[in-house]
Amino acid sequence: MNLSICTISFRHYLHSIDQIAYWAQTHQFQGIELWGIHAKNLAAQPNYNKEWLSAFDLEISMLSDYLPLDASVSDLMSETIKVSALAKHWGTNKIRTFAGKQGSKHTSDCEKKDIVDKLRVICDYLYSQGQYLVVETHPNTLTDQLSSTLELLEHTNHPALRINFDVLHIWESGIQPIKAIKELQPFVSHFHLKNISSEKYLNVFAPDNVYAASGSRKGMVSLFDGVVNYQEFLTEVMPMFNDVHASLEWFGPNVMDVLSQDCKEVRKVFELNQVRS
């Protein structure tokens, strides 16, 4: 399992992509998950690309965007083509998005069909470009439950559709992540790793809060200090996924200190399991 940082973690900091890349390299990360808006804003400086990043012994593990599934097919595909080109520029074949904007239980069959049809159109294009659409397990989307995620995969039925397994959000849905990963394993191409001190603080990850500079960060904790048992999860999952990328997704303060410490702790789990094997 390779570790990435997310540029979204630096959204409220005055750090350049040069500084972020240098820091990631010196703290033993293998990749960077590039936020879509950051990729779009860097497009005016084409010298920042996969070749530039490879000088730091890093790669872009995933480009994380929000493709407009509620738009017309023509507008959706126009945006998809732009994001696909940015992903190529940075040398990644994974584009992250969300499956809709409301929970599976509150989405009608007609609305689900529209989302599935649009996902299939996107997947057709990305597959022709050697790329994958990675849908994140997330509340208030069609992947807010294990059953609805499996249903989405079955109905879309496309080799380009993959899953970004957000461990905390899977736990939030009421199912143990280890049970979920055993069912979703063939479809998982990426992991998001984050934690919370208590279930009562899960609303801090709501988009209107977590993206706001003045939003609450109460309850956000380091990876091994929260309600999800990452020692157990990583020990169980690592043998299943040798080369997959996992992003340390941190939205709170002291970003470099927290990411550095979490990286060290994850490495300890890696090393311990290597000794046992």
Side-chain angles (χ1 to χ4, degrees), residues 4-12 17 32-43 60-90 92-104 106-107 111-112 114-127 129 131-144 148-149 152-153 156 158 160-166 168-170 172 187-192 194 203-213 215 245 247 249-251:
S4 292
I5 60 168
C6 302
T7 63
I8 196 174
S9 296
F10 298 85
R11 67 204 178 285
H12 302 309
I17 188 66
I32 293 176
E33 181 182 325
L34 186 60
W35 200 19
I37 190 61
H38 289 159
K40 291 168 187 175
N41 288 335
L42 285 168
I60 295 298
S61 58
M62 185 163 68
L63 195 155
S64 288
D65 203 64
Y66 314 90
L67 294 175
L69 291 173
D70 53 350
S72 67
V73 172
S74 60
D75 287 346
L76 172 61
M77 288 312 299
S78 176
E79 185 64 18
T80 297
I81 291 167
K82 291 177 185 176
V83 174
S84 171
L86 287 171
K88 284 185 181 180
H89 179 77
W90 284 101
T92 182
N93 63 359
K94 293 186 291 183
I95 296 170
R96 192 287 311 266
T97 197
F98 294 107
K101 295 182 179 180
Q102 57 186 4
S104 56
H106 303 289
T107 306
E111 290 169 325
K112 288 179 182 178
D114 181 63
I115 290 174
V116 165
D117 289 345
K118 287 176 175 175
L119 287 176
R120 197 175 291 127
V121 171
I122 296 169
C123 286
D124 280 342
Y125 178 79
L126 294 182
Y127 201 60
Q129 304 300 307
Q131 297 171 326
Y132 297 92
L133 184 66
V134 186
V135 176
E136 184 166 327
T137 55
H138 201 279
N140 299 313
T141 72
L142 289 188
T143 55
D144 59 356
S148 64
T149 303
L152 182 71
L153 289 163
T156 307
H158 201 291
L161 186 63
R162 308 291 295 171
I163 294 296
N164 177 36
F165 191 101
D166 187 300
L168 179 64
H169 290 320
I170 289 287
E172 179 181 358
F187 307 100
V188 173
S189 288
H190 203 95
F191 288 90
H192 271 175
K194 59 179 177 283
N203 61 352
V204 300
F205 294 115
D208 59 349
N209 177 77
V210 79
Y211 297 140
H245 268 274
S247 296
E249 194 182 33
W250 176 250
F251 292 104

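Please read these numbers as outputs of a predicted model, since none were measured by experiment.
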Test your reading of the model: is there a side-chain donor-acceptor pair from Thr107 to the backbone of Lys112, 3.5 Å cut-off? no

Asn164 side chain to His192 side chain, donor-acceptor N/O pair below 3.5 angstrom: yes

Passes side-chain contact (heavy atoms from CB on, under 4.5 Å), Val121 versus Leu76? Steps please. CA-CA 9 Å; Val121 171; Leu76 172 61; 6.0 Å; no

side-chain contact (heavy atoms from CB on, under 4.5 Å) between Leu119 and Leu152: does it pass, once the steps are laid out? CA-CA 10 Å; Leu119 287 176; Leu152 182 71; 3.7 Å; yes

Is there side-chain contact between Leu133 and Leu67, with at least one heavy-atom pair below 4.5 Å? yes

Going by heavy atoms in the side chains, are Val204 and Phe251 under 4.5 Å from each other? no

Where Phe165 and Ile170 come nearest, the two heavy atoms and their spacing: CZ-CG1, 3.8 Å

Are His190 and Lys94 packed together at the side-chain level, in the sense that at least one heavy-atom pair is separated by less than 4.5 angstrom? yes

Please give me the minimum heavy-atom distance between Leu142 and Ser104, naming the atom from each residue. CD2-CA, 3.8 Å

When you measure from the side chain of Lys118 to the backbone of Leu69, do you find a donor-acceptor pair of N or O atoms at a distance under 3.5 Å? yes

Inter-residue atom distance Glu172.CD - Thr137.OG1, 0.5 Å rounding: 10.0 Å

Rounded to the nearest 0.5 Å, what's the gap from OG1 on Thr143 to CD1 on Ile163? Could you check? 6.5 Å

So do the side chains of Gln131 and Ile95 get within less than 4.5 Å of each other, counting heavy atoms only? yes

Minimum heavy-atom separation for Phe205 to His169, with atom names? CB-CE1, 4.2 Å

Working to the nearest 0.5 angstrom, can you tell me the gap between Asn203 CG and Asp208 CG? 9.5 Å

Crowded around Tyr132 OH? As in, over 12 foreign heavy atoms under 6.0 Å? no

Is there a side-chain contact between Val116 and Thr156 (heavy atoms, below 4.5 Å)? yes

Gap between atom CH2 of Trp35 and atom CZ of Arg96 - 0.5 Å precision: 9.5 Å

Contact summary for Leu168 and Lys194, nearest pair of heavy atoms: CB-O, 3.7 Å

State, with a plain yes or no, whether a side-chain heavy atom of Trp250 is found less than 4.5 Å away from one of Phe10. no

With sequence neighbours excluded, residues passing side chain to side chain donor-acceptor pair (under 3.5 Å) with Ser148: Asp144

Quick one: list whatever passes side chain to side chain contact (heavy atoms under 4.5 Å, CB included) with Tyr125, sequence neighbours left out. Met77, Thr80, Ile81, Ser84, Ser128, Gln129

On a heavy-atom basis, the closest approach of Leu63 and Ile60 is N-CG2, 4.5 Å

Side chains of Glu33 and Ser64: is there a donor and an acceptor less than 3.5 Å apart? yes

For Ser61 and Ser4, which heavy atoms make the closest approach, and how far apart are they? OG-OG, 2.8 Å

Between the CE atom in Met62 and the CH2 atom in Trp90, the distance rounded to the nearest 0.5 Å is 16.0 Å

In short, salt bridge (Lys or Arg N to Asp or Glu O under 4.0 Å) pairs touching residues 70-89 with sequence neighbours left out are Lys40-Glu79, Asp70-Lys101

Using modelled atom types and a 3.5 Å cut-off, is there a donor and acceptor pairing between side-chain atoms of Thr7 and backbone atoms of Leu34? no

State plainly whether the residues Arg120 and Asp124 are in salt-bridge range, i.e. N to O under 4.0 Å. no

